[in-house]
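Okay, so here's the structure we're looking at.
Just so you know, residue 1 is the first one in the sequence shown, and it goes up from there. Predicted, not measured: the structure shown is a model, and the values here were computed from it.
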Amino acid sequence: MKILNRNLKNFSKVSTLLFITLFSCVCFADFGVWHYDGPNSGYVFSLAMNPKDSNTLFASTACGLFETSDGGNNWAKVGEISSYCPITTCLVINPLDDQVMYAGTSCDGIYKSEDRGKNWRNIAFQTMAVNFIEIDPQNPSTLYALVSVNLAESAKLFKSYDGGLNWDDRTPSNLDYLGIYSVRVNPQDSSIVYLGVDNSFLKSSDGGIHWEKMADLPCPSISCALEDIQISKENPETIFISSGIELYKTTDGGLNWRVLGWSNLYPNMGNILSFKVDFSQNTIYLLSFMYGIFKTNDEGKNWTQIIDSKYRFALIEIDSSSIYIAGGEETSFEPFCSGIRKSVDGGNSWSEIDNGIMCSFPRSLSISKFDKKALFLGLGMMDSQCKSSFYKSEDKGKTWIGGGLEGYEVGDIINDALNPNRIYAIAMTPVCCASSALYESDDGGINWKQKKSFVISFAIDPKNPHIQYAGTADSMPSISGALYKSNDDGETWNELPLSNEIQTYSIIINPQKSDEIFISTSKGAFKTEDGGLNWQPFEIGGTRNIISLLFSEHDFSVVFALAEESENNFSLFSSKDGGNNWTKLNSFNDSSDVSISLDPTNSSVLYALIWSPQPICTLMKSVDGGINFKPFKYQLPEKGIANLLIDYENPANLYATTKVGVCSFTQPLDVFEMTKLKEPFRIKVSGEYFKEGIKIFIGNDQAPWKKVLFKSSGELIIKGGDKLKSKIPKGKEVLFRFVNPEGDEAQFIFKR
């Protein structure tokens with residue numbers, strides 16, 4: 001059903017237990033500029049250490065490439081590899097010239113940077129998947145790449161002599177194998193190249209022209225794909241390889257192999273994601289799919305777990321003193337966790353080091369009903385499996401604390417207006433959209449319990465939080481649904497008398513009279529005045545699919561309704577008598593989706609987020625109650641906006657979710673009009689975001705005009721009679737300068 005699909009699209013778009021404090025250095029300081037506020041986290045696809053400086057690392061995420069030069073204490077975005085195909089399968093750095101980097105992508109070939117990651121260009125294999133890139137350490141202009149149609153297909157081996165501009169096919173043709181999984185060059189002899197294939201280890205002594213099969217491996221199963229190769233720089237005859245099931249070692253270049261015994265620890269589990277060998281310390285670090293991270297100092301006789309199995313990392317980099325681990329790419333329905341950790345004591349202790357990596361894929365944002373300085377953020381998709389999907393900030397976005405709901409995509413979040421520690425969230429698993437449910441936390445978001453299944457909308461009685469309402473959809477996609485009421489904190493629910501073909505998109509409760517409730521549904525808008533026992537429908541322009549209802553928090557008789565009248569056509573209606581009569585204000589045609597936000601202090605100010613079918617999102621603003629919308633005059637965040645939130649305490653402050661985190665914006669004061677009033681001579685000033693204590697400077701005056709009446713955030717009166725009149729000669733343009741206490745200012749030229 002289209003209506004529910006649209007609801008899910010919104011849920012996805014706007015839509016462990018270990019607490020982690022994530023810092024952001026941003027606050028409302030600059031006016032008219034968007035700031036990224038975090039939370040700091042990143043779904044890391046590739047991790048690479050600079051071969052010239054082990055404190056410099058690069059992390060590739062779906063939101064771009066990030067760099068640290070201080071061992072992970074701070075990260076900054078340096079560039080974006082491919083906006084078309086953001087998943088990087090591998091990232092390598094030229095060992096002799098660290099300005100040169102290569103990135104393999106999952107769907108658009110190889111990209112190259114010659115300025116340390118700032119700018120990238122596609123150099124080969126467009127639309128193809130690149131599984132692996134190897135740089136010849138002796139001749140870095142020589143590259144090897146494993147390329148396939150997609151990541152599920154068998155790869156071919158290609159070689160380039162000119163830094164990736166031209167490539168020759170070097171896939172072995174005389175040997176029986178099913179796929180190529182890894183390639184390495186002898187660090188002391190460029191003519192020797194090794195391949196890891198199905199059940200075999202191949203060697204070339206002429207740079208990949210001819211290949212020979214080395215000794216068979218004692219694989220514990222029929223399939224034995226050699227996925228990774230580690231070669232000692234000091235003694236290249238010493239080689240370690242991983243089959244995904246077992247580790248092997250040779251000291252004679254592959255003629256003889258010894259099993260290291262990982263499969264004895266966890267038999268019949270193909271769970272080796274990656275491994276690294278510290279040859280100087282004779283230590284092997286192994287990242288497993290099911291059991292965490294292990295190390296051995298005696299080549300597999302004994303293994304020690306150094307990361308618990310609930311944290312799934314797939315990438316590792318090491319140097320002589322530090323270990324770095326990061327989340328890797330998604331496999332099946334089990335995404336690896338985001339973020340990066342570091343250990344400086346051999347894995348005994350770890351610290352989070354993702355400060356500055358912002359790629360958290362927010363899905364929802366709300367302000368606490370109890371504390372107007374508290375924000376709640378719901379994440380989803382790739383960040384949902386490890387850290388948490390719920391974050392909160394108690395200082396309007398300066399710092400964030402991660403809580404629970406691990407493994408869920410989190411939509412609406414609502415705080416109990418009388419209890420700051422009780423929080424409700426609608427969440428669903430990324431695997432199956434049909435499992436959306438209502439969850440409750442009584443400890444501020446650390447622990448959660450499910451309260452009701454298949455919930456798509458929720459509201460709490462502001463006067464009596466024991467009374468709750470939930471709209472459900474019996475299955476997804478489906479047209480069926482129901483509206484329920486609970487009188488005991490959601491322990492038991494009773495269905496209210498509405499058609500079971502109605503899906504409730506939003507539930508609005510009158511804060512002054514809580515038995516008066518409005519709902520927007522797939523079958524129109526309804527109102528009850530007795531807590532849900534009886535319902536009366538609204539006639540809103542003949543439209544039945546009412547997407548959302550918005551009410552003025554100071555005047556509940558002012559109501560706005562957003563309706564989807566037909567495919568890609570939306571309309572905004574308003575009522576000034578509590579929903580009895582409606583006026584059509586505006587239409588948004590040729591739009592794939594529309595979202596309306598209302599200034600909680602001024603029902604004349606509305607914002608519209610409008611998505612075109614491409615999709616491209618634009619932000620519009622109305623200052624006349626929705627009759628006219630104009631483009632938001634300030635530049636939007638680089639990554640666009642998915643959800644807009646207005647500060648309850650100061651509506652000049654806006655919060656927005658983007659695909660890299662939360663942004664904040666402070667709108668500077670603005671002057672729309674100056675009008676001369678009757679005698680005594682006065683001037684009425686209309687605008688936005690005036691603050692008490694505002695100063696007005698006339699012409700070249702250095703001192704502010706003293707006679708100013710502050711009427712509201714949108715209206716001032718400049719008084720002064722004949723003295724003011726003398727400052728503004730008739731027919732002459734005079735500059736007025738307005739300065740708020742925080743320092744933002746506006747100018748207006750007045751002529752009488």
So, [X] and [Y]: side-chain donor and acceptor under 3.5 Å apart, yes or no?
X	Y	result
K159	Y144	yes
S200	D198	no
N139	S190	yes
D278	T283	no
S148	N150	no
S46	S60	no

message: Just to verify, which of I340, I307, L315 counts as forming a side-chain contact (heavy atoms from CB on, under 4.5 Å) with I325?
response: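 Option passing the side-chain contact (heavy atoms from CB on, under 4.5 Å) with I325: I307.
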- request: Among P51, S141, P140, find the one that has a side-chain contact (heavy atoms from CB on, under 4.5 Å) with N94.
  value: P140
Indicate the atoms forming the closest heavy-atom contact of [X] with [Y], along with that distance.
X	Y	value
W211	L157	CZ2-CD2, 3.5 Å
L202	P172	CD1-CG, 4.0 Å
S343	S349	OG-O, 2.9 Å
I272	S242	CG2-OG, 3.4 Å
E212	S205	OE2-OG, 4.4 Å
L57	W75	O-CZ3, 3.6 Å

message: Whether the side chain of K276 engages the backbone of I316 through a donor-acceptor N/O pair (distance < 3.5 Å, no angle test) should be reported.
response: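 Judged by distance alone, yes, a pair lies under 3.5 Å.
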query: Judged by atom type as modelled, is there a donor-acceptor pair below 3.5 Å linking the side chain of W350 to the main-chain atoms of I306?
result: yes
task: Any chance you could lay out the salt bridge (charged side-chain N to carboxylate O under 4.0 Å, His left out) test for R121 and E114, step after step, and finish with the verdict?
output: CA-CA 9 Å; R121 72 181 193 278; E114 297 179 294; 3.2 Å; yes
- line: Residue pairs meeting ring-ring contact (aromatic ring centres under 6.0 Å, His included), one or both in residues 122-142, sequence neighbours left out, come to F125-F158, F125-W167
query: So which pairs with a foot in residues 80-113 pass ring-ring contact (aromatic ring centres under 6.0 Å, His included), sequence neighbours left out?
result: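 Every pair satisfying ring-ring contact (aromatic ring centres under 6.0 Å, His included) with a residue in residues 80-113: there are none.
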- request: For T238, check side chain to side chain contact (heavy atoms under 4.5 Å, CB included) against everything at least two apart and list the hits.
  value: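 Applying side chain to side chain contact (heavy atoms under 4.5 Å, CB included) to T238 gives S232, N235, F240, K249, T251, F279.
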- prompt: P137: what forms a side chain to side chain contact (heavy atoms under 4.5 Å, CB included) with it, not counting sequence neighbours?
  reply: V185, P187
message: Once rounded to the nearest 0.5 Å, what's the spacing between atom NZ of K156 and atom CG of D169?
response: 5.5 Å
task: Report the distance from atom CG of L273 to atom CG of L286, rounding to the nearest 0.5 Å.
output: 8.5 Å
State, with a plain yes or no, whether a side-chain heavy atom of [X] is found less than 4.5 Å away from one of [Y].
X	Y	answer
I133	I110	yes
S113	D115	yes
I401	Y391	no
K112	V100	yes
L65	E80	no

task: With sequence neighbours excluded, tell me which residues meet side chain to side chain donor-acceptor pair (under 3.5 Å) with S191.
output: D189
Contacts of type side chain to side chain donor-acceptor pair (under 3.5 Å), residue D162, not counting sequence neighbours: S160, N166
task: Identify, with sequence neighbours excluded, every residue that meets ring-ring contact (aromatic ring centres under 6.0 Å, His included) alongside F201.
output: Y194, W257
query: Taking only residues two or more places apart in sequence or in another chain, which ones pass ring-ring contact (aromatic ring centres under 6.0 Å, His included) with W120?
result: none
Where at least one partner belongs to residues 63-74, residue pairs that pass salt bridge (charged side-chain N to carboxylate O under 4.0 Å, His left out), sequence neighbours excluded: E67-R116
- prompt: Which salt bridge (charged side-chain N to carboxylate O under 4.0 Å, His left out) pairs, counting each pair once, include a residue from residues 224-234, with sequence neighbours left out?
  reply: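 Matches after skipping sequence neighbours: R184-D228.
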message: Taking disulfide (SG to SG under 2.5 Å) as the definition, give me every residue that meets it alongside C85, ordered by chain and number, with sequence neighbours left out.
response: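 Once residues adjacent in sequence are excluded, the partners of C85 under the disulfide (SG to SG under 2.5 Å) criterion are C107.
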Crowding at NZ, K203 (>12 non-hydrogen neighbours, <6.0 Å):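 It does: K203 NZ has more than 12 such atoms within range.
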- request: Just grab all the disulfide (SG to SG under 2.5 Å) pairs involving residues 117-154, residues at least two apart or on different chains.
  value: none
message: Under 4.0 Å between a side-chain nitrogen and a carboxylate oxygen: does that hold for E299 and R258?
response: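 Yes.
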Evaluation steps, side chain to side chain donor-acceptor pair (under 3.5 Å), between S54 and D319: CA-CA 7 Å; S54 60; D319 65 9; 2.9 Å; yes
